[in-house]
Amino acid sequence: MPTAIITGITGQDGSYLAELLLKKGYQVIGVARRSSTVNYERINHIVDDITIVQGDLQDQGSLLSLLEEYKPSEVYNLAAQSFVPTSWNQPALTGDVTALGVTRMLEAIRFVNPKIRFYQASSSEMFGKVMEVPQREETPFYPRSPYGVAKVYGHWITVNYRESFDMFATSGILFNHESPRRGMEFVTRKISNAAASIKLGKTKELRLGNLEAQRDWGFAGDYVEAMWLMLQQDHPDNYVIGTGETHAVREFCEIAFAHVDLDYKDYVVMDEKFYRPAEVDLLISDPSKARAQLKWEPAVSFKELVTMMVDSDLARLKKQ
Ligand code: NAP
Ligand code: GDD
């Protein structure tokens, strides 16, 4: 039975990846940082099938000892301070976790067993003010937030350890991926939750920032499959993962509200508070390398994603 370590196990992607690896017969070790209240909402249904260990990307020793104890063949580094607006309020923390945390994990692997296969959760946020449309593996980076800057560091240190120490260090450049398990502050979940809540008469309006920003949105459940495929290749590499389609935030609102027979224009209020100091206006992937080499294709369409999220929020809110 192969053993995989997942950092960020309590996050959206950690939960889907753990489910996938369990199905494939892995022993799954999930790294969670210590907090005063347990935060296993997304993994409660599988918590008895995985091993949760305490660890923190800010603490080198914790990473070394968990690799020594569990001897994984694969490490998926999904942990990060991942919310873009927070990265302007806490830029140093974002750099420490999201950038330097990658080096700490790579160092731990180099010391304990350099044969461990490593996956780094890189991001389309690195393309920022895009230098090319659509974005592919060779598109130059121009990050627009401290988060994006930290992810660029994480990407390049992964490439550097691959080239310096011949390690199997792979960088997955994933475009936005969402699900009913998405954090409430991200725009898609904020919209799906509000559409459901307004429909049920629990809320009256939805306050949003830039409705014209365009993203290449896919389903997180599809994207974790790509992470696994990347670590099953003969060689480490960089891969862009996305749908190849882009949609505006406004379009997400339109479909989400229409799904519950409402017109978003009656409820969405523009609020300056949600505008960013520097915006990423347009992201759209060219995933042809992943298609050709990984044989990866997303299964869930944009409309299916939006309606899946609204339906899930409706069902959850009805129970409350
Ligand atoms: P998420 O839901 O925000 O999960 C982040 C995870 O990181 C949580 O489990 C969090 O733990 C953990 N974490 C934060 N700081 C940590 C630290 N110092 N030490 C250990 N764990 C820490 O993010 P996600 O959407 O699943 O994304 C997974 C990864 O992919 C992230 O690296 C993100 O930046 C990257 N990414 C995401 C997308 C996307 O669209 N979702 C696209 C491209 C790249 P707590 O629960 O304790 O906070
Ligand atoms: N969060 C949020 N809240 N975003 C809003 C709002 C709002 O009220 N109103 C408009 N937006 C716009 C943002 O300005 C941005 O252009 C877009 O919606 C998407 O914002 P988020 O959902 O917060 O995601 P993100 O694109 O900034 O970052 C996500 O995707 C990255 C991959 O490109 C995160 O998951 C990152 O961790 C990930 O790397």
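Counting starts at 1 for both ligands and their atoms, following the listed order.
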Peer 1: Would you check whether Tyr275 reaches within less than 4.0 Å of ligand 2, judged by its heavy atoms?
Peer 2: no
Peer 1: Any nitrogen or oxygen of Val249 lying under 3.5 Å from a nitrogen or oxygen in ligand 2? Just yes or no.
Peer 2: no
Peer 1: With atoms numbered from 1 as shown, which atoms in ligand 2 lie under 4.0 angstrom from a non-hydrogen atom of Val84?
Peer 2: 27 (O), 28 (O)
Peer 1: Assigning hydrophobic clusters by single linkage (Ile, Leu, Val, Met, Phe, Trp, Tyr; side-chain heavy-atom cutoff under 4.5 Å), is Met227 placed with Tyr26?
Peer 2: yes
Peer 1: Compute the centroid of each ring, for Phe219 and then for Tyr16, and state whether the two points are separated by less than 6.0 Å.
Peer 2: yes
Peer 1: Considering both backbone and side-chain atoms of Gly209, is one of its nitrogen or oxygen atoms within less than 3.5 Å of a nitrogen or oxygen in ligand 2?
Peer 2: yes
Peer 1: What atoms of ligand 2 come closer than 4.0 angstrom to any heavy atom of Ala213?
Peer 2: 16 (O)
Peer 1: Considering only heavy atoms of Glu125, which atoms of ligand 2 have at least one such atom less than 4.0 Å away?
Peer 2: 33 (O)
Peer 1: Distance-only, no hydrogens or angles: does the Arg42 side chain make a donor-acceptor pair with backbone N or O of Arg181 under 3.5 Å?
Peer 2: yes
Peer 1: For ligand 1, list the protein residues that place a heavy atom within a distance below 4.0 Å of one of its atoms, sorted by chain and number.
Peer 2: Gly8, Thr10, Gly11, Gln12, Asp13, Arg33, Asn39, Asp56, Leu57, Leu78, Ala79, Ala80, Ser82, Val97, Ala121, Ser122, Ser123, Tyr147, Lys151, Leu174, Phe175, Asn176, His177, Arg182
Peer 1: Would you mind checking which non-hydrogen protein atom is closest to atom 15 (C) of ligand 2, with the distance to 0.1 Å?
Peer 2: Arg215 NH2, 3.4 Å
Peer 1: Can you confirm whether the side chains of Glu245 and Gln214 place a donor and an acceptor under 3.5 Å from each other?
Peer 2: no
Peer 1: Would you mind telling me which of Glu279, Glu251, Glu178 makes a salt bridge (charged side-chain N to carboxylate O under 4.0 Å, His left out) with Arg215?
Peer 2: Glu279
Peer 1: In chain order, what residues pass the salt bridge (Lys or Arg N to Asp or Glu O under 4.0 Å) check against Glu132, with sequence neighbours excluded?
Peer 2: Arg136
Peer 1: Can any side-chain N or O of Ser285 pair as donor or acceptor with the backbone N or O of Gln135 at less than 3.5 Å?
Peer 2: no
Peer 1: Is the closest basic N to carboxylate O distance between Glu297 and Arg291 below 4.0 Å?
Peer 2: yes
Peer 1: Below a 4.0 angstrom heavy-atom separation, can you tell me which part of Glu185, side chain or backbone, both or neither, approaches ligand 2?
Peer 2: backbone
Peer 1: Restricting to pairs with a member in residues 180-209, which pass ring pair (Phe, Tyr, Trp, His ring centres under 6.0 Å), not counting sequence neighbours?
Peer 2: Phe83-Phe186
Peer 1: Atoms of ligand 2 less than 4.0 Å from Phe274 heavy atoms?
Peer 2: 8 (O)
Peer 1: Considering only non-hydrogen protein atoms, determine which one is nearest to atom 14 (O) of ligand 2 and report residue, atom name and distance to 0.1 Å.
Peer 2: Glu279 OE2, 2.6 Å
Peer 1: Would you say Trp217 has any N or O atom under 3.5 Å from an N or O of ligand 2, going by distance alone?
Peer 2: no
Peer 1: Pairs of nitrogen or oxygen atoms closer than 3.5 Å, one from Thr188 and one from ligand 2: do any exist?
Peer 2: no
Peer 1: Under 4.0 Å from a heavy atom of Ser123: give me the atoms of ligand 2 that qualify, with their elements.
Peer 2: 31 (C), 32 (C), 33 (O), 38 (C), 39 (O)
Peer 1: Okay, side chain of Gln27, backbone of Pro72: is any donor-acceptor separation there less than 3.5 Å?
Peer 2: no
Peer 1: Which of the numbered atoms in ligand 2 are under 4.0 angstrom from any heavy atom belonging to Ser82?
Peer 2: 34 (C), 36 (C), 37 (O)
Peer 1: Would you list the pairs meeting salt bridge (Lys or Arg N to Asp or Glu O under 4.0 Å) in which at least one residue belongs to residues 104-115, sequence neighbours left out?
Peer 2: Asp96-Arg104, Glu107-Arg110
Peer 1: So which heavy atom in the protein is nearest atom 24 (O) of ligand 2, and how far is it from that ligand atom?
Peer 2: Asn176 ND2, 3.7 Å
Peer 1: Report the nearest protein non-hydrogen atom to atom 20 (O) of ligand 2: residue, atom name, distance rounded to 0.1 Å.
Peer 2: Arg276 NH2, 3.3 Å
Peer 1: Specify the protein heavy atom at minimum distance from atom 22 (O) of ligand 2: its residue, its atom name, and the distance to 0.1 Å.
Peer 2: Val187 N, 2.9 Å
Peer 1: Does a salt bridge link Lys129 with Asp281, judged by any charged N lying under 4.0 Å from a carboxylate O?
Peer 2: no
Peer 1: Atoms of ligand 2 less than 4.0 Å from Phe83 heavy atoms?
Peer 2: 1 (N), 23 (O)
Peer 1: Look at atom 8 (O) of ligand 2 and say which protein heavy atom is nearest, naming residue and atom and giving the distance to 0.1 Å.
Peer 2: Lys190 NZ, 2.6 Å
Peer 1: Do Thr94 and Gln81 pair up side chain to side chain, a donor and an acceptor below 3.5 Å, judged on atom types alone?
Peer 2: yes
Peer 1: To check your reading of the model: name the closest protein heavy atom to atom 38 (C) of ligand 2, its residue, and the distance in Å.
Peer 2: Tyr147 OH, 3.5 Å
Peer 1: Check if Arg144 has a non-hydrogen atom at a distance under 4.0 Å from any atom of ligand 2.
Peer 2: no
Peer 1: Could you tell me whether Arg189 and Asp313 have a side-chain N and a carboxylate O separated by less than 4.0 Å?
Peer 2: yes
Peer 1: With a cut-off of 4.0 Å, which atoms of ligand 2 are near a heavy atom of Arg182?
Peer 2: 29 (C), 34 (C), 35 (O)
Peer 1: Is there a donor-acceptor pair closer than 3.5 Å between any side-chain N or O of Ser123 and the backbone N or O of Glu125?
Peer 2: yes
Peer 1: Looking at Phe274, is Lys190 sitting on its ring face, NZ or CZ under 6.0 Å from the six-membered ring centre and within 45 degrees of the normal?
Peer 2: yes
Peer 1: Taking the side chain as everything from C-beta on, heavy atoms only, tell me whether Val31 gets closer than 4.5 Å to Ile6.
Peer 2: no
